[in-house]
Number of protein chains: 2
Amino acid sequence: MSPPNKATVKALCNHPEWIGRADCRQCGILQQVLFSDLSADDLESILDGIFEPIDQYGYPPGTVLYHEGGQDNAVFTIRDGLVKLVRYGPDGDERIIRLLKRGDSMGLERLLGDSYEHTAIAVRNVKVCRIPLTVMQRLNADKPRLYRTLMEHWSACLFQADDHIMLLLSGTVRNRVINLIRWLAKVEATEEKGRVELLSGKEMASMLGVTIESVSRVIADLKRKKVLRYLGSSLYEYDANALDTYATAERKAP
Amino acid sequence: MSPPNKATVKALCNHPEWIGRADCRQCGILQQVLFSDLSADDLESILDGIFEPIDQYGYPPGTVLYHEGGQDNAVFTIRDGLVKLVRYGPDGDERIIRLLKRGDSMGLERLLGDSYEHTAIAVRNVKVCRIPLTVMQRLNADKPRLYRTLMEHWSACLFQADDHIMLLLSGTVRNRVINLIRWLAKVEATEEKGRVELLSGKEMASMLGVTIESVSRVIADLKRKKVLRYLGSSLYEYDANALDTYATAERKAP
DNA sequence: GACTTGCATTGAGATAGATCAATTTCCCAA
DNA sequence: TTGGGAAATTGATCTATCTCAATGCAAGTC
């Protein structure tokens, strides 16, 4: 239930990534995920009736969960960690389309089309539930109520995409980096308040459409200004107010 | 059924924007829109049973169809024209989040939330069908089949958002402008092949996150290179091959 | 502990694009 | 047809960001 620490992940890497059968009845984030609209009874009958199991998997950073164009017959719910959905530009450069966090779904497009639309890659240690398409189809047929939740997940993706677009349109590199940090701080809900685990420079760069060096310079500057303080392993302490100020103060500073 | 010409739009402006009751049975783009999954019988029973009518409206460019945060109780289907969904930055600058074309739906977020997420503004003369929420709700209850189409529309929005993100990450201003033109050429399906009606400079700029001047310069250059030829009223003739070449040739030309 | 290997950092110079400031063109209404 | 206003165009700077290149640092390996 708690985020996997380094040791457990090591373990996951040595063993296959499989963690175990999911027991949705016990799910700690049930209210956030695909089955949130179902009653306990519904849940019960589903879990009894299905013949393909819902399994949990763990992956270390960098693992590809599925490929654009690939055809694993499942959708996924993220239990923990961070996943990037990417596409590749003409020169093979990776472009991050979306970042998914705990409670988000991915691969929903498989409900409608024949393959995945992005490549999904773990950014941190990740735990996911793999829900076979057959289960989803069965559910859709049996419990139309599920549709609403499904639509909510589509719409959540869309809102996030919209935010990303706003981010990309938000002017200077400074602004974009700061807004990205604020977003990470918001969604990551690290144990300790006031701390963020940043992405790698390359990842931030390919999410914001800027160079690694520019990102690095912005962060160096924020450190100089005491807005960020490095704690080790990409973990930073941040001054929320200062961040807010800098993010909006931009644009026409004489 | 055909795109509104200048005269009809004139008429629309003088009269109220209302065009008339929609007869979905006769809809020329039925296969693209929200009701595409319903059988003729279903359609029949819906149209008979509803008490709030589905109406058609026409609007000239610049008209606001709904406001972010607004609460008109309806979703819309675009019959003709082009609509921009925008949000405003901290300094009130308009940022275009999405461009919608014939067959697209807008305002679907009202099915889930209390208000619209964007401001919708006509870019060209537009014809829309206004579908009251009550109708949608009734339909969802009666015809679960509709859910699939609905999901398809959500996913279509999302794919478009993803394309926009790729566009914004696609490097130089040149690239972005060219890719935008290619996109417009693709979706606008103007009568004559090989012609596009471009957006205003300001619109392209606020869609791509660049300045008006930069856009203008790119287009001037494309004209010089005979890739575009101006025909009047923002209509251009274009050389598709050349466009493709320029779009990809970018990035590292010595 | 020394060696790799992969990132992050920093500097210096090059440049795409922004900004500022005129014009010019287009469109429409009188 | 003319006139006015908005939008597009063009030129001349200026600057934020990219590029290229060198260096530093940390983690894992032998």
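Numbers restart at 1 for each chain; the letters A, B, ... are given by sequence-line order, proteins then strands.
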Indicate whether OP1 or OP2 belonging to D:dA8 is found under 4.0 Å from a side-chain N or O atom of B:K202.
no

Taken to the nearest whole Å, CG/A:L198 to P/C:dA8 is 11 Å

The side chain of A:V173 is closest to which nucleotide in this list: D:dT17, C:dA8, D:dT9?
D:dT17

In whole angstrom, give the distance that lies between atom CD1 of A:I212 and atom P of C:dT10.
15 Å

Winner on side-chain proximity to A:K223, out of C:dA8, D:dA8, C:dT9, is C:dT9

Once you round it to whole Å, what is the distance between P of C:dT25 and OH of B:Y230?
13 Å

Without hydrogens or angle criteria, can the side chains of A:S200 and A:E203 be said to hold a donor-acceptor pair below 3.5 Å?
yes

Can you tell me how far CG of B:L158 sits from CD of A:E117, rounded to the nearest 0.5 angstrom?
9.0 Å

Phosphate-side-chain proximity, A:S214 and D:dT17, N/O vs OP1/OP2 below 4.0 Å:
no

Of A:T211 and B:I219, the one whose closest DNA chain D nucleotide lies more 5':
B:I219

CG of A:L199 versus C1' of C:dA8: gap in Å, rounded?
15 Å

Could you tell me the separation between the CG atom of B:L235 and the P atom of C:dC26, rounded to a whole number of Å?
14 Å

Give the rounded distance in Å between these two atoms: CD of B:E203 and C1' of D:dA6.
14 Å

Expressed as a whole number of Å, how far does the P atom of C:dA8 sit from that of D:dC18?
16 Å

Check every atom of D:dT9, C:dA18, C:dT9 against the side chain of B:Y236 and return the nucleotide holding the closest atom.
D:dT9

NA contact type, A:V215, heavy-atom cut-off 4.0 Å: base, sugar-phosphate, or nothing?
nothing

Figure out the CG/C1' separation between A:L222 and C:dA8, and round it to whole Å.
15 Å

Ion pair present between A:D80 and A:R102, side-chain N to carboxylate O less than 4.0 angstrom?
yes

Any N or O donor-acceptor pair under 3.5 Å from the base of D:dC20 to the side chain of A:E213?
yes

Tell me whether B:D72 is salt-bridged to B:R110, with the criterion being a basic N under 4.0 Å from an acidic carboxylate O.
no

Thinking salt bridges, do B:D221 and B:K223 make one under a 4.0 Å N-O criterion?
no

Taking N and O atoms by type only, does the side chain of B:R217 place a donor or acceptor under 3.5 Å from a partner on the base of D:dG11?
yes

Whole angstrom is fine here: how far is it from CG in B:D221 over to P in D:dG11?
12 Å

